[in-house]
Colleague: 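I'd like to ask some things about the structure below.
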Amino acid sequence: MTDVDLLRTRADLTRLEPLRAAAAPLVLVPTMGALHAGHLALVRRARELGDPVVSIFVNPTQFAAGEDFAAYPRDLERDLALLEPLGVAAVFAPAVDEMYARDGGVMVQPGPAAQGLCGGRRPGHFAGVLTIVLKLLHLIRPEIAIFGRKDAQQCLVIAEMVRDLDVPVRLLDLPTVREPDGLAMSSRNAYLSPAGRRRARCLSDALAAARTALEAGERAPARLAAAMAAALAAADSVEYAEVRRVPDLAVPARAEGRLLLAVAARIEPARLIDNLVVQVDAGGVRETSLLDDREATA
Ligand code: PAF
């Protein structure tokens, strides 16, 4: 048992009212649980900015049939124990029935940023993400919501929704937290055997290869994509290795300006993604944020 204020129902959310009256902003960190150091970095930043509320909900509508909804790791007690020392104001961990009273209800349709990349590979995924994120924003009404940059397309698809549907919230994306060998932290890394885990570093290796090529002056998106694909040969299969423009995710003619280098590959049962967001201009190549907010990299 922990001392974290655990909210399980919509009715429990009235316990957030005193926080709303406080001067510090409510800061939402939406998660699907199975928390790792990447999530905890988001919560620490939320604590610096205001009163963090963490949601933990494995959202069925963002998983297609045959994906890992049933297998997705769930351990609420462990998650609460990790959050307790971080000073979270509350954790909202509803049951599926609490969030979706019926099947086949209204879903939020994603905008153009959902085209291609994960949106192309996972039909319906971003409609599920946007639907749950909008519901969480309505229910919790945070002033700020923080997301991990590893899910880069998700960040941009959510930013498009917030802009186009006039949702009153400020969004931040924070840098990906990595294992010492470069592998991006992900709850799905738990699906890997020790041998698979060693091969999984090929995703961050692919991004490093593209960055090195950019630093050497390469500006042809196809050649950067080829450099990433070569490093991904260690994966069981490759879903994509692409260069896109930020924030609209258009395919650029030349690799200049703010770019997303994005990879997705399968290793054993795990579908892993990783990316690098870079500003490429006369001053060189430097890592940057997805969403235009000074706080994002502070
Ligand atoms: O990034 C995630 O964990 C999920 O997609 C999110 C944003 C919590 C929505 O279910």
Side-chain angles (χ1 to χ4, degrees), residues 7 27-43 45-46 52-64 67-76 78-79 82-83 88 90-96 98-100 105 107-111 113-114 117-119 121-140 142 144-162 165 167 169-177 184-191 262 264 270-275 277 290-291 296:
L7 315 173
V27 187
L28 174 63
V29 180
T31 81
M32 297 203 300
L35 302 179
H36 52 66
H39 296 112
L40 303 184
L42 306 183
V43 178
R45 187 73 185 117
V53 176
V54 177
S55 64
I56 296 180
F57 181 65
V58 185
N59 172 36
T61 64
Q62 69 188 75
F63 291 81
E67 289 190 349
D68 58 342
F69 175 68
Y72 201 85
R74 293 163 172 87
D75 189 345
L76 185 59
R78 178 182 169 278
D79 290 343
L82 288 169
L83 291 172
V88 295
V91 169
F92 180 48
V96 169
E98 188 69 19
M99 294 307 284
Y100 295 106
M107 300 282 289
V108 181
Q109 185 178 332
L117 304 178
C118 290
R121 289 291 180 154
R122 302 183 67 187
H125 170 66
F126 285 122
V129 169
L130 291 186
T131 302
I132 195 65
V133 169
L134 190 62
K135 285 162 75 74
L136 291 168
L137 292 173
H138 282 322
L139 288 167
I140 295 168
I144 303 170
I146 306 188
F147 296 87
R149 195 173 299 153
K150 185 176 77 80
D151 296 309
Q153 189 177 21
Q154 167 172 283
C155 290
L156 294 170
V157 169
I158 293 170
E160 227 174 30
M161 170 183 77
V162 161
L165 299 186
V167 185
V169 68
R170 190 174 132 216
L171 302 177
L172 298 182
D173 66 304
L174 292 197
T176 302
V177 176
M185 297 258 180
S186 165
S187 306
R188 293 188 167 99
N189 294 347
Y191 301 156
R271 178 185 185 275
L272 302 177
I273 62 172
D274 200 355
N275 71 80
V277 188
L290 284 165
L291 308 174

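Numbering of ligands and ligand atoms starts at 1, following listing order. Residue numbers run from 1 in the order of the sequence given. Computed from a prediction, not measured in an experiment: that's the story for all the values here.
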Colleague: Checking H39 against S187 for the side-chain contact (heavy atoms from CB on, under 4.5 Å) test, could you report, in this order, the C-alpha distance in whole Å, the side-chain angles of both residues, the deciding distance, and whether it holds?
Modeller: CA-CA 10 Å; H39 296 112; S187 306; 3.7 Å; yes
Colleague: Who are the ring-ring contact (aromatic ring centres under 6.0 Å, His included) partners of H125, not counting sequence neighbours?
Modeller: none
Colleague: Could you give the N/O to N/O pairs under 3.5 Å linking ligand 1 and the protein, each with its distance?
Modeller:
| residue | atom | partner | partner atom | Å |
| --- | --- | --- | --- | --- |
| ligand 1 | 1 (O) | Q154 | NE2 | 2.8 |
| ligand 1 | 5 (O) | Q62 | NE2 | 2.9 |
| ligand 1 | 5 (O) | Q154 | OE1 | 2.7 |
| ligand 1 | 10 (O) | Q62 | OE1 | 2.6 |

Colleague: Has the side chain of D173 got a donor or acceptor atom that lies under 3.5 Å from a matching backbone atom of G148?
Modeller: no
Colleague: Between F69 and R74, is there a cation-pi geometry (under 6.0 Å to ring centre, at most 45° from the normal)?
Modeller: yes
Colleague: Would you check if the side chain of Q153 reaches a backbone N or O of G119 as a donor-acceptor pair within less than 3.5 Å?
Modeller: yes
Colleague: Whether the side chain of T176 engages the backbone of K150 through a donor-acceptor N/O pair (distance < 3.5 Å, no angle test) should be reported.
Modeller: yes
